[in-house]
4 protein chains.
Amino acid sequence: MQKARTKDASAPVGRWGAREAGIIEVATRLFSDKGYDGVTMASVAHACGLSEGTLYNYFKDKSDLAVRASLVAFDAHADEAETIVAEATSLRTGLERLIALELTILLEARGMMRVWLREVRGAQDYPKSPARGVLRRFSGNLIQLFEKFGAFPDPKSGITFSLIRDIVFGSAEHVVWTAYVQGRLDSLDIDRLSRDLAAAYLRAFAIAPRKTRTRTNGKARTTRGAR
Amino acid sequence: MQKARTKDASAPVGRWGAREAGIIEVATRLFSDKGYDGVTMASVAHACGLSEGTLYNYFKDKSDLAVRASLVAFDAHADEAETIVAEATSLRTGLERLIALELTILLEARGMMRVWLREVRGAQDYPKSPARGVLRRFSGNLIQLFEKFGAFPDPKSGITFSLIRDIVFGSAEHVVWTAYVQGRLDSLDIDRLSRDLAAAYLRAFAIAPRKTRTRTNGKARTTRGAR
Amino acid sequence: MQKARTKDASAPVGRWGAREAGIIEVATRLFSDKGYDGVTMASVAHACGLSEGTLYNYFKDKSDLAVRASLVAFDAHADEAETIVAEATSLRTGLERLIALELTILLEARGMMRVWLREVRGAQDYPKSPARGVLRRFSGNLIQLFEKFGAFPDPKSGITFSLIRDIVFGSAEHVVWTAYVQGRLDSLDIDRLSRDLAAAYLRAFAIAPRKTRTRTNGKARTTRGAR
Amino acid sequence: MQKARTKDASAPVGRWGAREAGIIEVATRLFSDKGYDGVTMASVAHACGLSEGTLYNYFKDKSDLAVRASLVAFDAHADEAETIVAEATSLRTGLERLIALELTILLEARGMMRVWLREVRGAQDYPKSPARGVLRRFSGNLIQLFEKFGAFPDPKSGITFSLIRDIVFGSAEHVVWTAYVQGRLDSLDIDRLSRDLAAAYLRAFAIAPRKTRTRTNGKARTTRGAR
DNA sequence: AATGAATGAGCTTTCATTCAT
DNA sequence: AATGAATGAAAGCTCATTCAT
């Protein structure tokens, strides 16, 4: 799959990499706008100022291009998410920023998510490793945020980190989709939405501090402690 | 295939309806599995044991087939949802059952939702009335459930009914999708999941009784009753 | 080709003939409006209040229907032309009326002419006899009109009856077609056009009286002699 | 067929143009023989030794192919007509040559006229400019010929330039069509026919010199002035 | 005779992919 | 490496025709 990199590690790779990166950048924009089926290889080539055949020197086929573009996109997003978690000074603000990030991604790259889901997660035979890794890195940040602040859902509540992830990401997706379908994308107030959703989630996820963390006031303000 | 007009005079309609219903049933399964673009008219015809042209005796075009299939599916689901709301004795149990219904639908017809959104809601020229009506009837039930029990989100929380709908449906979709991708569909415990989610939502949606309702003891079992 | 007429010569034939005539009438209207390719057997059946299969009890196939309809139409037109010739009191007025008839036919049944040309005259294997006969009868009337008044083109002019027929019919066809394409059909003044064209033709066709007719003063003013 | 890009740098355009021209040539022949509906893209491709898809690299769709083929044909013809008018030394000889040209065109491309009328003049949305221009250039030459020699129909005769055009073109079309149907195409004597028709038309169109032209000796006899 | 659902060949068009240059 | 013309397998859809009832 991977295009045979030249033996020389220096410039050629860079050159080559630059060309590849350029294609991916263009393709990402197109996929985001029009979705997988709405993009033709010809349109990608044209937008790159290349010929169709050239694309096949860099990517095995259309699916490969989509997958690689997805990986790059998600990799970047995962980096942002990581930064958010690292810089977070409270669970609440961190959560707000993660939600805002997710909403922004969906807003800007609605189609890319579909591509990801369809081509990456959907393909059984695709080597899961890189995709898995990136996805894990991305959605894992949400969990790490909670762990960073020693916030764990009460086992009795049935809420798991996995469920939290589904709720946060699923809700965001549906919110954006609904807005899109109703033609309200422009009026989406991401900041406000993120705050409201974060607050709701913190109420929802019966959060309890974990013993490992030195929590003086332990049990009491679990929910509130999330502030 | 078989003409088989029964002797009974009213039968033809039934027969014809049966054929149509049969096609819709097959198409629903295919759309659910593969999505709109993944299904060809030829594949539907083949799966029905019919020729391609025959489909066009029953459905104007592919979009019409998808829309009609969606309507049938959602109509049935809307009926179920209505019953649930009507029979609900508490907000909590009603919510649990609505969530369970949604999870079940998604489990059985994952792709159909997409088809609906794409072909029905997306098509500007399609006579909105039936589609709109069905959709409203379906997703509206969630809201009606809350209203039935006089439960309204606190305006200060930023939570609206629209947001509630997005959270409930979006989360459900993502939960099922994740389970599907991870091959855990069979081990989904819908009942437990529904209970846990309902409980989380009731905590999340800062519910307050509404003054307009003359329910002297009102406040009592609204927010708290939801517990 | 001909549908097996029932043995009984009386009513059944009439009945059957009436049904057939009805179909032809409807088909003629449709062909005239939309042309051969613009008409589907289904549309004919629907317009007749019949089912598609029934048409095939009366007509071998679509071409047969078109041919038979053409024959009927041209037969009727030939009758009209015959009447015009029979009633004509002068070459000029007779010519005017024949031209007017031709223009009217083209105006009302533009598509039918095409059908005739395509399916009847174009088909090599179709038994030429009936079609040939009708056509001869129709276009032959123009020649008979000239003969009736002893008007024969001067052999030295190169003008033959065949050429006269081509000029008269060809011009009419082009006039109507041009008007149609330019959307001026409604403003066509058939009477005036017929008069002007007839006059022009009489100037054009160097007409000489034939000896057989006792018209002593014949030769001189050909144009005027045409009166 | 053969890729064969010549070494010459300017050649590619030529080559490409040659390929396109080759397709148009083949298509023109087919359209001429069978008419628009009688020609399938597959048949064109096959006749070119190309695959169907290839046609779409050169032409947007079937209509585009027909239109472009028409334009090429009419453009060439319009050039010829222009030359004839420019070189004409008398109305009579010019008219004879224009008629001969028209007869030749129809002989070679009977069906193309229909395609032109249907696809080019019939299409409202087609950029009228090139098509309009070519058509005007072509049929306008007939009128310009008359104007060149100061020959204008007598207003009282009802004959207009538009009608002259219809008569000349319509008659030619019908003459060729009749000959075709009767299998006499080979025996058409175009030169003689052109002379006879031109003479007839000059008798028919009550031609008068126009006052605007300073032709004091206009000498009255319009018919004769046309000589 | 009449029906009309079923057929299936055929149409136009798209597009991922290949390969000679 | 790059090109881009050529490919050909689908796709959605239409419609004349058939045939069991």
Side-chain angles (χ1 to χ4, degrees), chain A residues 3 6 12 15-16 19 37 39-46 49-65, chain B residues 1-7 12 15-16 19-20 37 39-45 48-65, chain C residues 3 6 12 15-16 19 37 39-46 49-65, chain D residues 1-7 12 15-16 19-20 37 39-45 48-65:
Chain A
K3 262 294 120 175
T6 16
R15 289 262 57 201
W16 195 86
R19 163 65 57 93
D37 287 315
V39 173
T40 66
M41 292 301 272
S43 69
V44 175
H46 181 79
L50 297 173
S51 72
E52 290 168 72
T54 304
L55 294 185
Y56 288 85
N57 286 336
Y58 296 91
F59 305 93
K60 179 175 148 284
D61 53 22
K62 188 182 180 183
S63 178
D64 185 41
L65 171 58
Chain B
M1 213 139 307
Q2 45 283 44
K3 200 59 158 316
R5 184 159 294 122
T6 20
K7 310 91 213 161
R15 285 270 63 190
W16 196 84
R19 163 61 55 90
E20 189 190 54
D37 288 316
V39 173
T40 68
M41 291 304 270
S43 70
V44 175
C48 290
L50 297 173
S51 74
E52 241 167 299
T54 302
L55 294 185
Y56 288 87
N57 286 337
Y58 295 91
F59 305 93
K60 185 174 140 287
D61 52 23
K62 188 182 180 183
S63 178
D64 185 41
L65 172 57
Chain C
K3 260 298 129 167
T6 19
R15 290 262 58 200
W16 195 86
R19 164 66 57 92
D37 288 315
V39 173
T40 65
M41 291 302 271
S43 70
V44 174
H46 181 79
L50 297 173
S51 72
E52 291 169 71
T54 304
L55 295 185
Y56 288 84
N57 286 335
Y58 294 92
F59 305 93
K60 181 173 146 285
D61 54 22
K62 188 182 179 183
S63 178
D64 185 40
L65 171 58
Chain D
M1 229 132 302
Q2 44 282 42
K3 202 61 159 313
R5 183 159 295 122
T6 21
K7 313 90 210 165
R15 283 272 63 186
W16 195 84
R19 163 61 54 88
E20 189 190 54
D37 288 315
V39 174
T40 68
M41 291 304 270
S43 70
V44 175
C48 292
L50 298 172
S51 74
E52 272 170 272
T54 303
L55 295 185
Y56 288 87
N57 286 338
Y58 294 91
F59 305 94
K60 187 175 139 287
D61 53 22
K62 187 183 179 183
S63 178
D64 186 41
L65 171 57

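These numbers come from the heavy atoms of this one structure, side chains and all, not from hydrogens, waters or symmetry mates. All chains are named by letter (A, B, ...) in the order of the sequence lines, taking the proteins before the strands, and each is independently numbered beginning at 1.
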Please give me the minimum heavy-atom distance between A/Tyr56 and A/Asp61, naming the atom from each residue. CE2-CA, 3.9 Å

Restricting to side chain to side chain contact (heavy atoms under 4.5 Å, CB included), what partner residues turn up for A/Thr40, sequence neighbours left out? A/Ala42, A/Ser43

Heavy-atom closest contact (A/Thr54 atom, A/Arg19 atom, distance): CG2-NH1, 4.4 Å

Any side-chain N or O of A/Tyr58 under 4.0 Å from OP1/OP2 of F/dA2? yes

Per-nucleotide protein contact along nucleotides 9-16 of chain F, 5' to 3', at a 4.0 Å heavy-atom cut-off (B base, S sugar-phosphate only, - neither), is --SBBBSS

Rounded to the Å, how far apart are B/Leu55 CG and E/dA5 C1'? 12 Å

Using a 3.5 Å limit on both distances, find every run of at least three consecutive Watson-Crick or G-U pairs that involves DNA chain F. E:2-21 with F:2-21

How many angstroms lie between CG in B/Asn57 and CD in B/Glu20, if you round to the nearest 0.5 Å? 11.5 Å

Tell me whether the side-chain N/O atoms of A/Arg19 come closer than 4.0 Å to OP1 or OP2 in F/dA1. no

B/Glu20 CD to E/dG4 C1': how many Å, rounded? 16 Å

Between C1' of E/dA16 and NE2 of A/His46, the distance in whole Å: 18 Å

Taking atom CE of C/Met41 and atom CG of C/Leu50, what is their separation to the nearest 0.5 Å? 11.0 Å

